[in-house]
Amino acid sequence: MDFTFTEEQQAAAEAAKAVFSSAPPDGVPSPALTPGAVADDLDRRLWGKAADADLLGLLLDPRYGGAGLDPIALCLVLREAGRVLARVPLLESTAAALAVQRYGGEELRAAVLPAAGRGELVLTVAPHGRTGHDAAELAVQARQDGDGHDGGHGGAWVLEGTQTAVPWAHSADRVLVPAHTGAGRTLLALVPRDHPGVTLAPQISTSGERLAEIRLEAVRLASSAVLTADGAWEWLRSLLTCGTCALALGLGEAVLALTSSYTSKREQFGFPLATFQAVAVQAADRYIDLRATEATLWQAAWRLATDGAGAPAAPGALPVAGDIAVAKIWAAEGVRRVVQTAQHLHGGFGAATDYPLHRYHAWAKQLELSLGPAAAHEEALGDLLAAHPLG
């Protein structure tokens, strides 16, 4: 087996490094110093630079102005974004656009994808549901109105419900919302933020970023704006989970590097902290956490990348969801242990608000719990193992 990244994937990672090198973590607004949300908008300057570097259309087909790459390339880019706590919806916008490309009709693709790839149209996803514990697709109900007055094929869809903790909703132009039909079907509706019947209530994340509770009251959409293919939401959630793991990996690697630098320079009893066995062992354990996170991430991303539309995923003992669950378990637990150890080894200096570690800690907690903590994915993995006994 050859685990080397392709030239195109490596080029995407290098382009991401060049873009995100201009966004030092010290410049990220601190949730400890800012009452309320740390900012009203995403980092538009960084978003523009990502668009200029063609990072926003990496996974789109060339006919829509994209590079035609796979989820592995996206995860390589998100890893670099995680290192610097990049305040841009790169994961959400790319995932939503790819879902439109994979499951949407040509009319919707033409209207959305070229503009999204250029960064002119910002997309996001509502992945958390009403409470953060129940399935996201159960928070909104969709019913079809077959009068055909909207000009859509098969009539319009009417949405009712509430989605909470939607990332970047105040900055996005459209939100991809999972919904259920009441008959066991799940669909994805691309809802304009300013559409009649849509209201946003502000919420604040652990990292201080502004989220939104989105309320949908008799929101009527043309059928062309609704993705009704079976499995669309499950696939999108898998991609979002993989991307979250990549962000956590990049963040964890940055924190471990920060800790290594600090303990190498900080002296106690006339010797650098890094020379003490207890310090070295803790740092080594966190290195192992990150390598396990990395290995399981690339396994999951590879399985997802081979799961092309209309083609089965690469063979494995479990469905792709099993690899996704394992990756999220390691990412959630690993990033938590990395930042906790970093705080411990930094001592009181780690809490200084003019030092970036407290920002990383807040973002790490947000990523740990996003799309389900480790325990939720352990339960999902157990269900998969019960349904697919090994050997």
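A pairwise comparison of heavy atoms in Leu123 and Ala116 identifies CD1-CB, 4.2 Å as the closest pair. Pro127 approaches Leu240 most closely through the heavy-atom pair CB-CD1, 4.1 Å.
Every salt bridge (charged side-chain N to carboxylate O under 4.0 Å, His left out) that Glu120 has, sequence neighbours left out, goes to Arg118. Arg87 pairs by the salt bridge (charged side-chain N to carboxylate O under 4.0 Å, His left out) definition with Glu209, not counting sequence neighbours. Looking at residues two or more places apart in sequence or on another chain, you find a salt bridge (charged side-chain N to carboxylate O under 4.0 Å, His left out) between Arg130 and Glu213. Applying the salt bridge (charged side-chain N to carboxylate O under 4.0 Å, His left out) rule to Asp61 yields the partners Arg63; only residues at least two apart in sequence or on another chain are considered. Residues satisfying the side chain to side chain donor-acceptor pair (under 3.5 Å) criterion with Tyr103, sequence neighbours excluded, are absent altogether.
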Pairs under 3.5 angstrom only: tabulate donor-acceptor contacts from the side chains of residues 318-328 to other protein residues two or more places apart or in another chain.
from, atom 1, to, atom 2, distance (Å)
Asp323, OD1, Gln299, NE2, 3.2
Asp323, OD2, Arg303, NH1, 2.4
Lys328, NZ, Glu368, O, 3.0
Lys328, NZ, Ser370, O, 3.0
Lys328, NZ, Gly372, O, 2.8

Show me the donor-acceptor pairs, under 3.5 Å and distance only, between side chains in residues 269-283 and residues at least two apart or in other chains.
from, atom 1, to, atom 2, distance (Å)
Thr275, OG1, Pro272, O, 2.6
Gln282, NE2, Ala278, O, 3.3

- [ ] Applying side-chain contact (heavy atoms from CB on, under 4.5 Å), run through Val122 and Leu42 and close with a yes or a no.
- [x] CA-CA 10 Å; Val122 181; Leu42 59 89; 4.2 Å; yes
Task: Evaluation steps, side-chain contact (heavy atoms from CB on, under 4.5 Å), between Val100 and Leu113 - done: CA-CA 8 Å; Val100 169; Leu113 299 185; 4.0 Å; yes
TODO: Evaluate the criterion side-chain contact (heavy atoms from CB on, under 4.5 Å) for residue pair Leu190 and Leu188; output intermediate values, then yes/no.
DONE: CA-CA 7 Å; Leu190 194 60; Leu188 294 170; over 6 Å; no
TODO: Assess whether side-chain contact (heavy atoms from CB on, under 4.5 Å) is satisfied between Lys365 and Arg336, documenting all intermediate values.
DONE: CA-CA 7 Å; Lys365 179 56 67 175; Arg336 175 179 54 80; 4.2 Å; yes
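Judged as a ring pair (Phe, Tyr, Trp, His ring centres under 6.0 Å), not a single pair has a partner in residues 165-218 (not counting sequence neighbours). Evaluation of the salt bridge (Lys or Arg N to Asp or Glu O under 4.0 Å) test over residues 285-299, restricted to residues two or more places apart or in two chains, returns Arg79-Glu294, Glu253-Arg291, Arg286-Asp289, Asp289-Arg337, Arg291-Glu294. Evaluation of the side-chain hydrogen bond (donor to acceptor under 3.5 Å, both in side chains) test over residues 233-248, restricted to residues two or more places apart or in two chains, returns Glu137-Trp233. For residues 31-49, the pairs satisfying salt bridge (Lys or Arg N to Asp or Glu O under 4.0 Å) are Asp41-Arg44, with sequence neighbours left out. Annotation: ring pair (Phe, Tyr, Trp, His ring centres under 6.0 Å) contacts involving residues 359-389, sequence neighbours excluded, are absent.
Side chain of Ser261 to backbone of Leu258: no donor-acceptor contact under 3.5 angstrom is found. In this structure, Thr296 contributes its side chain and Thr293 its backbone to a donor-acceptor pair below 3.5 Å. The main-chain N or O of Pro167 is found under 3.5 Å from a side-chain atom of Thr124 such that the two form a donor-acceptor pair. A side-chain donor-acceptor contact under 3.5 Å links Arg109 to the backbone of Gln101. No donor-acceptor pair under 3.5 Å is formed between the side chain of Ser260 and the backbone N or O of Leu256.
Heavy-atom contacts from other residues, nucleotides or ligands closer than 6.0 Å to CG of Asp383 number more than 12. Around CZ of Arg266, the count of heavy atoms belonging to other residues, nucleotides or ligands within 6.0 Å does not exceed 12. The number of heavy-atom neighbours closer than 6.0 Å to CD of Glu379, taken from other residues, nucleotides and ligands shown, is 12 or below.
Between atom CG of residue Leu78 and atom CG of residue Leu91 there is a gap of 5.5 Å, rounded to the nearest 0.5 Å.
Taken together through direct or relayed side-chain contacts under 4.5 Å among Ile, Leu, Val, Met, Phe, Trp and Tyr, Leu345 and Val335 form part of one hydrophobic cluster.
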